[in-house]
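Worksheet for the structure shown next.
Sequence lines set the chain letters: A, B, ... in the order given, protein chains first and strands last, and positions in each chain run from 1.
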Amino acid sequence: MTNSQVAELLRSIAAAYAIKGGNRFQIAAYETAADSIEHMSGSLQDFWAQGTLDSVPGVGSHLATYLDELFQTGKVRHFEETVKGIPEATFDFLKIPGVGPKTAYKIAEAGVISIADLEKRIQSGYLEKKGFGKKTLQNILRGIEEFRRKSDRILLPLAWETAEGVLNYLRAMPEVKQADSLGSLRRMVATVGDVDLSVASKEPKKVIDFFTRYPEAARVIEAGDKTATIALKSGIRVDLMVQPPEHYGSLLQHFTGSKSHNIALRTYALGIGYSLSEYGVKEEKSGKTISCPTENDLYDLLKMQTPPPELREGTGEIEAALKLQLPRIITTGKIKGDLHTHTVWSDGQNTLAEMVEGAKSLGYEYLAITDHSYPNLDFEKRIFQIEQYNYSKRDIRVIIGLEVNISADSTLQIPDKILQKHEFIIASIHTSFRQPKEQITARLISAIENPYVDMIAHPTGRLLLEREGYEADWEKVFEACVKHDKILEINAFPNRLDLPDNLVRSAVAAGVKLAINTDSHHVSQLSLMPYGVSVARRGWAGEKGIVNTLPWNKVKSILKIN
DNA sequence: GCCGTTTTCGGCCCGACTGTTTTCAGTCG
């Protein structure tokens with residue numbers, strides 16, 4: 001059973017309690033546990049197998065007992081009791097935005113059996129006769145529409161570029177003191193839903209008006225005094241919030257989130273006498289509002305460090321910030337080379353010389369050219385070409401690399417005697433993704449054990465918005481990497497961002513060496529590096545464990561290159 | 001049902017918006 005399946009189950013139970021009028025804190029406890037399980041890096045089932053369920057935040061003694069029963073028997077008697085009397089369709093309706101437990105139950109009780117059926121029965125007037133208000137039904141229809149075109153999350157770089165476009169437009173306005181992105185975009189989450197933006201200004205109305213006239217806007221969805229939403233021609237929705245400069249820090253903090261970071265932060269603040277909201281900080285004793293023009297003012301007031309937005313996921317950053325022990329996470333400026341790129345020798349679109357020019361313009365000291373090991377590739381000739389290049393140009397070192405497939409039977413696609421002639425070998429899985437967890441783990445470990453392999457690329461094989469990564473026992477993979485001193489990649493390609501941030505965090509904790517690479521197939525893609533760095537930052541990675549922050553003379557000795 | 005530099009018992013984040021059961025419940029971020 002996967003983490004997201006368990007999370008969905010727990011959310012159903014929370015909804016069932018809500019329908020039956022249960023204790024709201026108990027309901028919140030189930031939801032908190034669901035969130036926590038969904039975001040944890042390891043498999044919950046593995047935690048269960050090791051008897052460490054209660055180390056999962058939000059899982060206490062009761063839930064641990066239920067989960068134990070779940071993993072042993074596939075069901076939980078208490079859960080089955082809890083959902084008794086609630087029609088099954090109720091839980092489908094919960095997937096519709098705007099429909100919560102109470103409404104879902106009311107719809108199901110009216111005899112509606114599915115979302116498609118719901119749509120029909122609204123249009124036929126059946127539900128209106130059952131006592132639902134007209135506007136409520138219109139909203140449900142809109143919710144169904146949204147549910148259908150759901151998954152229109154977009155990749156981080158697209159969201160980023162979209163936001164930059166609007167922000168630059170807004171910043172040109174003299175009334176705009178400051179403009180920023182918010183939410184999952186500011187936290188650099190791998191995929192983003194809506195683009196949320198904020199502006200500090202004393203003239204909110206003027207800013208809103210200017211915003212709604214953005215040239216790329218297709219239509220204005222809503223525009224109030226302080227907030228507005230537009231839909232761009234690209235289909236992306238952009239929300240804007242405007243606050244006067246004196247409380248801008250509170251606004252920025254509030255809408256950057258995440259939800260669990262904010263809950264934890266406000267709980268802590270209450271404990272020391274402050275109530276937080278997007279409008280400022282209220283001192284409970286005096287009742288007066290303290291203004292926080294910047295986020296630093298706000299976190300300073302709470303006597304803690306300001307966590308970088310990438311860390312604000314409610315996974316220990318508040319505790320660390322209070323002890324003034326936040327990690328110093330990596331920045332893009334520290335990257336000194338790219339260890340995974342392709343040229344026309346395999347499926348890249350640029351020549352060796354063109355790729356190297358691109359790397360030089362980024363100020364890199366070295367660049368690994370790691371074409372795919374197509375069996376018909378003229379390995380010798382390619383090696384010779386790179387050697388010639390290094391001989392003629394001394395301003396950047398080109399590493400003679402190769403990316404080799406790990407076959408379904410755990411062998412490498414190319415014999416060792418060819419691998420041996422290269423300076424840097426990347427091994428990666430490109431086929432047979434559906435093998436069982438044990439087999440995938442064995443494939444990865446067998447590649448790690450090969451003495452010629454230096455790095456495992458895009459370790460989980462996920463393609464964002466397309467397919468999940470394959471399952472592997474990551475603890476074992478990390479262990480093997482440490483034992484054989486091998487590198488795991490953080491692939492910066494927009495639809496990969498792989499290792500995922502939560503696994504980066506476990507890998508860092510396990511002491512695994514990492515490298516952040518673009519996997520460029522075109523010279524322009526070398527500039528995607530910051531997205532890979534953002535994944536490392538979200539994984540609490542410092543400069544230290546990232547191999548390609550090292551200067552050439554150090555990398556050289558790590559990779560055992562002469 | 002969880003959790004502990006207020007607490008192993010008694011607390012548990014904050015505010016906006018919407019519809020409609022006109023004083024609040026439901027949902028969301």
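In this structure, S275(A) reaches the dC14(B) phosphate: one of its side-chain N or O atoms is under 4.0 Å from OP1 or OP2. OP1 or OP2 of dG19(B) lies within a sub-4.0 Å distance of a side-chain N or O belonging to N139(A). Using a 4.0 Å cut-off, no side-chain N or O of T32(A) falls inside it from OP1 or OP2 of dC2(B). Between Y279(A) and dA16(B), a side-chain N or O to OP1/OP2 separation shorter than 4.0 Å is present. Contact annotation: K259(A) does not reach the phosphate of dG29(B) (side-chain N/O to OP1 or OP2, under 4.0 Å). Between T103(A) and dT27(B) there is a side-chain polar atom (N or O) within less than 4.0 angstrom of OP1 or OP2. A sub-4.0 Å separation between OP1 or OP2 of dC2(B) and a side-chain N or O of H62(A) is present.
Note: CG (L270(A)) to C1' (dG4(B)) measures 16 Å, nearest angstrom. Between D35(A) atom CG and dC28(B) atom C1' there is a gap of 14 Å when expressed in whole angstrom units. Between K135(A) atom NZ and dG26(B) atom P the separation is 20 Å, expressed in whole Å.
When heavy atoms are screened at a 4.0 angstrom cut-off, L276(A) is found touching the sugar-phosphate backbone but no base atom.
A salt bridge between R77(A) and E69(A) is absent, with no side-chain N of the basic residue lying under 4.0 Å from a carboxylate O of the acidic one.
Applying the side chain to side chain donor-acceptor pair (under 3.5 Å) test between Y248(A) and each of T294(A), D297(A), D180(A) identifies D180(A) as the sole match.
You'll find the side chain of S114(A) stays beyond 4.5 Å of the side chain of D92(A), heavy atoms only.
S36(A) places no side-chain N or O within 3.5 Å of a backbone atom of T32(A) that could act as its donor or acceptor partner.
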